[in-house]
Amino acid sequence: MSAAVAPCALLARDVVAAARSLVGWTLLVDGVGGRIVEVEAYDQDDPASHSHDGRTSRNAAMFGPPGRAYVYRSYGIHWLLNVVCGEEGHGAAVLVRAVIPEHGRERIAARRPGVGERDWCRGPGRLGVALGVGPQHDGARLDAEPFTLRAACGPVAVLATPRIGISRAVERPWRFVEAGSVYASDTRVRAGGATSSG
DNA sequence: GGTATGATTGACT
DNA sequence: GTCAATCATACCA
(Lines give C-alpha, C1' and ligand atoms only; values in the text may rest on other atoms or scores of the structure.)
Protein backbone atom coordinates (compact mmCIF):
# COMPACT_ATOMS: atom_id res chain seq x y z
CA MET A 1 0.00 0.00 0.00
CA SER A 2 1.30 3.42 -0.87
CA ALA A 3 1.39 6.05 1.83
CA ALA A 4 0.89 8.73 -0.80
CA VAL A 5 -2.74 7.77 -1.44
CA ALA A 6 -5.10 10.38 -0.03
CA PRO A 7 -7.62 9.05 2.51
CA CYS A 8 -10.54 10.30 0.40
CA ALA A 9 -9.51 8.05 -2.47
CA LEU A 10 -9.67 5.05 -0.15
CA LEU A 11 -13.23 5.93 0.86
CA ALA A 12 -14.66 6.37 -2.63
CA ARG A 13 -15.11 2.66 -3.23
CA ASP A 14 -17.09 -0.30 -1.95
CA VAL A 15 -18.30 0.65 1.51
CA VAL A 16 -17.51 -2.73 3.06
CA ALA A 17 -13.92 -2.58 1.85
CA ALA A 18 -13.71 1.03 2.97
CA ALA A 19 -15.05 0.12 6.40
CA ARG A 20 -12.43 -2.57 6.85
CA SER A 21 -9.74 -0.13 5.79
CA LEU A 22 -10.91 2.51 8.26
CA VAL A 23 -9.90 0.36 11.23
CA GLY A 24 -6.57 1.67 12.42
CA TRP A 25 -7.04 5.16 11.00
CA THR A 26 -6.78 8.22 13.19
CA LEU A 27 -9.89 10.35 13.68
CA LEU A 28 -9.84 13.66 15.52
CA VAL A 29 -12.51 16.29 16.09
CA ASP A 30 -10.94 19.60 17.04
CA GLY A 31 -7.85 17.69 18.12
CA VAL A 32 -9.79 15.20 20.24
CA GLY A 33 -9.90 11.51 19.35
CA GLY A 34 -7.53 8.76 18.26
CA ARG A 35 -7.17 5.44 16.50
CA ILE A 36 -10.36 3.89 15.12
CA VAL A 37 -10.81 0.36 16.47
CA GLU A 38 -14.45 -0.43 15.56
CA VAL A 39 -16.71 0.44 12.62
CA GLU A 40 -19.83 -0.84 10.84
CA ALA A 41 -20.73 -0.62 7.15
CA TYR A 42 -24.15 0.47 5.86
CA ASP A 43 -25.16 0.36 2.21
CA GLN A 44 -28.27 1.49 0.35
CA ASP A 45 -28.95 -2.12 -0.56
CA ASP A 46 -29.15 -2.91 3.15
CA PRO A 47 -32.42 -3.16 5.12
CA ALA A 48 -30.62 -1.95 8.24
CA SER A 49 -29.35 1.24 6.62
CA HIS A 50 -30.98 4.64 6.89
CA SER A 51 -30.41 5.08 3.16
CA HIS A 52 -32.28 1.90 2.24
CA ASP A 53 -35.61 3.65 1.65
CA GLY A 54 -34.12 6.50 -0.29
CA ARG A 55 -32.93 9.99 0.42
CA THR A 56 -34.63 12.05 3.13
CA SER A 57 -33.78 15.29 4.91
CA ARG A 58 -32.18 13.31 7.71
CA ASN A 59 -29.90 11.06 5.69
CA ALA A 60 -29.08 13.56 2.93
CA ALA A 61 -25.42 13.58 3.94
CA MET A 62 -25.21 9.86 3.20
CA PHE A 63 -25.92 10.63 -0.45
CA GLY A 64 -23.29 13.34 -0.63
CA PRO A 65 -19.65 12.98 -1.65
CA PRO A 66 -17.46 10.46 0.21
CA GLY A 67 -15.08 11.63 2.90
CA ARG A 68 -17.76 13.64 4.67
CA ALA A 69 -19.56 13.18 7.98
CA TYR A 70 -23.09 11.92 8.43
CA VAL A 71 -24.30 12.78 11.93
CA TYR A 72 -27.73 11.87 13.28
CA ARG A 73 -29.49 11.51 16.60
CA SER A 74 -30.27 8.03 17.88
CA TYR A 75 -32.91 7.19 20.47
CA GLY A 76 -33.41 10.91 20.94
CA ILE A 77 -30.30 11.27 23.09
CA HIS A 78 -27.15 10.18 21.26
CA TRP A 79 -25.27 11.70 18.33
CA LEU A 80 -23.72 9.08 16.06
CA LEU A 81 -20.88 9.81 13.63
CA ASN A 82 -20.58 8.17 10.22
CA VAL A 83 -18.03 8.44 7.42
CA VAL A 84 -19.68 8.70 4.00
CA CYS A 85 -18.13 6.16 1.59
CA GLY A 86 -18.62 4.85 -1.93
CA GLU A 87 -19.64 6.93 -4.91
CA GLU A 88 -21.57 10.14 -4.40
CA GLY A 89 -25.30 9.43 -4.44
CA HIS A 90 -24.84 5.80 -3.49
CA GLY A 91 -26.09 6.28 0.08
CA ALA A 92 -23.33 4.34 1.80
CA ALA A 93 -21.64 5.19 5.08
CA VAL A 94 -19.50 3.69 7.83
CA LEU A 95 -20.58 4.09 11.45
CA VAL A 96 -17.63 4.83 13.74
CA ARG A 97 -18.34 2.89 16.92
CA ALA A 98 -15.14 3.20 18.94
CA VAL A 99 -11.72 4.88 18.97
CA ILE A 100 -8.73 4.83 21.32
CA PRO A 101 -8.63 8.12 23.27
CA GLU A 102 -5.11 9.21 22.36
CA HIS A 103 -5.51 12.94 21.86
CA GLY A 104 -7.33 15.62 23.82
CA ARG A 105 -7.62 13.30 26.79
CA GLU A 106 -8.13 16.13 29.27
CA ARG A 107 -11.10 17.42 27.32
CA ILE A 108 -12.61 13.95 27.09
CA ALA A 109 -12.21 13.48 30.83
CA ALA A 110 -14.01 16.77 31.36
CA ARG A 111 -16.84 15.66 29.10
CA ARG A 112 -17.20 12.26 30.78
CA PRO A 113 -16.75 12.85 34.53
CA GLY A 114 -16.64 9.69 36.57
CA VAL A 115 -16.25 7.50 33.51
CA GLY A 116 -13.24 5.21 33.14
CA GLU A 117 -10.82 5.87 30.31
CA ARG A 118 -11.65 2.60 28.59
CA ASP A 119 -15.31 3.63 28.33
CA TRP A 120 -14.71 7.16 27.03
CA CYS A 121 -15.08 6.29 23.35
CA ARG A 122 -16.39 2.72 23.53
CA GLY A 123 -19.71 2.77 21.70
CA PRO A 124 -21.07 5.21 19.11
CA GLY A 125 -23.09 7.31 21.55
CA ARG A 126 -20.22 7.70 23.98
CA LEU A 127 -17.84 8.48 21.13
CA GLY A 128 -20.12 11.30 20.03
CA VAL A 129 -19.99 12.83 23.50
CA ALA A 130 -16.24 12.35 23.94
CA LEU A 131 -15.36 13.95 20.61
CA GLY A 132 -17.99 16.66 20.87
CA VAL A 133 -19.85 15.53 17.76
CA GLY A 134 -23.14 17.28 17.08
CA PRO A 135 -25.59 18.23 14.35
CA GLN A 136 -23.32 21.06 13.28
CA HIS A 137 -20.97 18.43 11.86
CA ASP A 138 -23.54 16.77 9.59
CA GLY A 139 -22.26 16.93 6.01
CA ALA A 140 -18.90 18.44 7.00
CA ARG A 141 -15.69 17.41 5.27
CA LEU A 142 -13.51 15.03 7.28
CA ASP A 143 -10.29 16.33 5.73
CA ALA A 144 -10.84 19.89 6.95
CA GLU A 145 -11.34 21.66 10.27
CA PRO A 146 -12.39 20.67 12.81
CA PHE A 147 -11.85 17.12 11.60
CA THR A 148 -8.61 15.22 11.07
CA LEU A 149 -8.68 11.89 9.24
CA ARG A 150 -5.41 10.09 8.63
CA ALA A 151 -4.85 6.64 7.14
CA ALA A 152 -3.16 3.88 9.13
CA CYS A 153 0.62 3.73 8.92
CA GLY A 154 1.03 -0.02 8.85
CA PRO A 155 -0.89 -3.30 8.68
CA VAL A 156 -3.91 -3.71 10.93
CA ALA A 157 -5.34 -7.00 12.19
CA VAL A 158 -9.09 -6.76 11.54
CA LEU A 159 -11.91 -9.08 12.57
CA ALA A 160 -15.26 -9.14 10.75
CA THR A 161 -18.34 -9.76 12.93
CA PRO A 162 -22.12 -9.23 12.79
CA ARG A 163 -23.34 -5.71 13.49
CA ILE A 164 -24.77 -4.59 16.82
CA GLY A 165 -28.04 -2.96 17.83
CA ILE A 166 -29.95 -3.51 14.60
CA SER A 167 -32.99 -5.68 13.89
CA ARG A 168 -32.60 -6.21 10.14
CA ALA A 169 -29.89 -7.98 8.15
CA VAL A 170 -28.27 -8.90 11.45
CA GLU A 171 -26.21 -11.68 9.91
CA ARG A 172 -24.18 -9.50 7.55
CA PRO A 173 -20.60 -9.52 8.90
CA TRP A 174 -20.19 -5.82 8.26
CA ARG A 175 -18.76 -4.85 11.65
CA PHE A 176 -15.00 -4.56 11.70
CA VAL A 177 -12.93 -4.56 14.89
CA GLU A 178 -9.21 -4.31 15.50
CA ALA A 179 -8.18 -7.68 16.91
CA GLY A 180 -7.54 -7.67 20.63
CA SER A 181 -8.51 -4.06 21.28
CA VAL A 182 -9.97 -3.50 24.73
CA TYR A 183 -11.48 -0.23 23.47
CA ALA A 184 -14.00 -1.95 21.19
CA SER A 185 -17.62 -1.75 22.36
CA ASP A 186 -18.18 -5.51 22.32
CA THR A 187 -15.38 -8.00 22.79
CA ARG A 188 -17.59 -10.96 21.95
CA VAL A 189 -15.94 -11.46 18.61
CA ARG A 190 -17.03 -14.40 16.53
CA ALA A 191 -14.29 -16.27 14.75
CA GLY A 192 -14.49 -17.22 11.10
CA GLY A 193 -14.55 -13.78 9.54
CA ALA A 194 -11.02 -12.82 10.40
CA THR A 195 -9.23 -10.83 7.75
CA SER A 196 -6.06 -8.85 7.54
CA SER A 197 -5.65 -5.38 6.17
CA GLY A 198 -2.58 -3.48 5.22
C1' DG B 1 -52.40 16.81 13.99
C1' DG B 2 -51.14 12.19 16.28
C1' DT B 3 -48.42 8.02 16.83
C1' DA B 4 -44.64 4.50 16.28
C1' DT B 5 -39.81 3.69 16.03
C1' DG B 6 -34.74 3.60 16.68
C1' DA B 7 -27.10 2.07 13.86
C1' DT B 8 -27.87 3.43 22.54
C1' DT B 9 -26.80 3.95 27.11
C1' DG B 10 -27.24 3.75 32.03
C1' DA B 11 -29.73 2.43 36.01
C1' DC B 12 -32.00 -0.98 38.41
C1' DT B 13 -33.58 -6.04 40.04
C1' DG C 1 -31.05 -10.13 33.36
C1' DT C 2 -34.89 -6.16 32.37
C1' DC C 3 -36.35 -1.53 31.40
C1' DA C 4 -36.77 3.60 31.21
C1' DA C 5 -34.88 7.94 29.10
C1' DT C 6 -35.90 11.12 25.20
C1' DC C 7 -36.83 13.32 20.50
C1' DA C 8 -36.22 13.83 15.42
C1' DT C 9 -37.92 11.46 11.70
C1' DA C 10 -41.36 8.96 9.15
C1' DC C 11 -45.79 7.66 8.30
C1' DC C 12 -50.94 7.71 8.74
C1' DA C 13 -55.20 10.42 8.99
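In what follows, chains carry the letters A, B, and so on, assigned in the order in which the sequence lines appear, proteins first and then strands, with residues in each chain numbered from 1. All figures in this text were calculated on a predicted structure; none of them were measured in a lab.
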Protein and nucleotides 9-11 of chain C: nitrogen or oxygen contacts under 3.5 angstrom:
{"unit_1": "C:dA10", "atom_1": "OP1", "unit_2": "A:Thr56", "atom_2": "OG1", "d": "2.3"}

The correct set of residues in residues 37-49 of chain A placing a heavy atom under 4.0 Å from DNA chain B is A:Tyr42, A:Ala48
Per the 3.5 Å Watson-Crick/G-U criterion and a run length of at least three, the stems involving DNA chain C are B:1-6 with C:7-12, B:8-12 with C:1-5
Within residues 82-111 of chain A, the residues having a heavy atom closer than 4.0 Å to DNA chain B are A:Asn82, A:Leu95, A:Arg97
Residues at least two apart in sequence or cross-chain that pass salt bridge (Lys or Arg N to Asp or Glu O under 4.0 Å) with A:Glu40, listed by chain then number, are A:Arg97
Residues at least two apart in sequence or cross-chain that pass side-chain contact (heavy atoms from CB on, under 4.5 Å) with A:Asp119, listed by chain then number, are A:Val115, A:Arg122, A:Arg126
Here the salt bridge (charged side-chain N to carboxylate O under 4.0 Å, His left out) pairs for residues 73-82 of chain A, sequence neighbours left out, are none
Within residues 67-75 of chain A, the residues having a heavy atom closer than 4.0 Å to DNA chain C are A:Arg73, A:Tyr75
Distances for protein N/O vs nucleotides 10-12 of chain B N/O pairs under 3.5 angstrom?
{"unit_1": "B:dG10", "atom_1": "OP1", "unit_2": "A:Arg112", "atom_2": "NH2", "d": "2.6"}
{"unit_1": "B:dG10", "atom_1": "OP2", "unit_2": "A:Arg126", "atom_2": "NE", "d": "2.9"}
{"unit_1": "B:dG10", "atom_1": "OP2", "unit_2": "A:Arg126", "atom_2": "NH2", "d": "2.6"}

A:Glu117 meets the salt bridge (Lys or Arg N to Asp or Glu O under 4.0 Å) criterion, sequence neighbours left out, with A:Arg105
Only distances under 3.5 Å count here; give the side-chain donor-acceptor pairs of residues 142-158 of chain A to other protein atoms, sequence neighbours excluded, each with its distance to 0.1 Å.
{"unit_1": "A:Asp143", "atom_1": "OD1", "unit_2": "A:Arg141", "atom_2": "NE", "d": "3.0"}
{"unit_1": "A:Asp143", "atom_1": "OD1", "unit_2": "A:Arg141", "atom_2": "NH2", "d": "3.2"}
{"unit_1": "A:Asp143", "atom_1": "OD2", "unit_2": "A:Arg141", "atom_2": "NH2", "d": "2.8"}

For residues 130-139 of chain A, run the donor-acceptor check on the side chains, cut-off 3.5 Å, and write out each pair with its distance to 0.1 Å, sequence neighbours left out.
{"unit_1": "A:His137", "atom_1": "ND1", "unit_2": "A:Gly134", "atom_2": "N", "d": "3.1"}
{"unit_1": "A:Asp138", "atom_1": "OD1", "unit_2": "A:Val71", "atom_2": "N", "d": "2.9"}

Checklist entry - Touch check for A:Ile166, heavy atoms < 4.0 angstrom, all strands: base, sugar-phosphate only, or nothing? => result sugar-phosphate
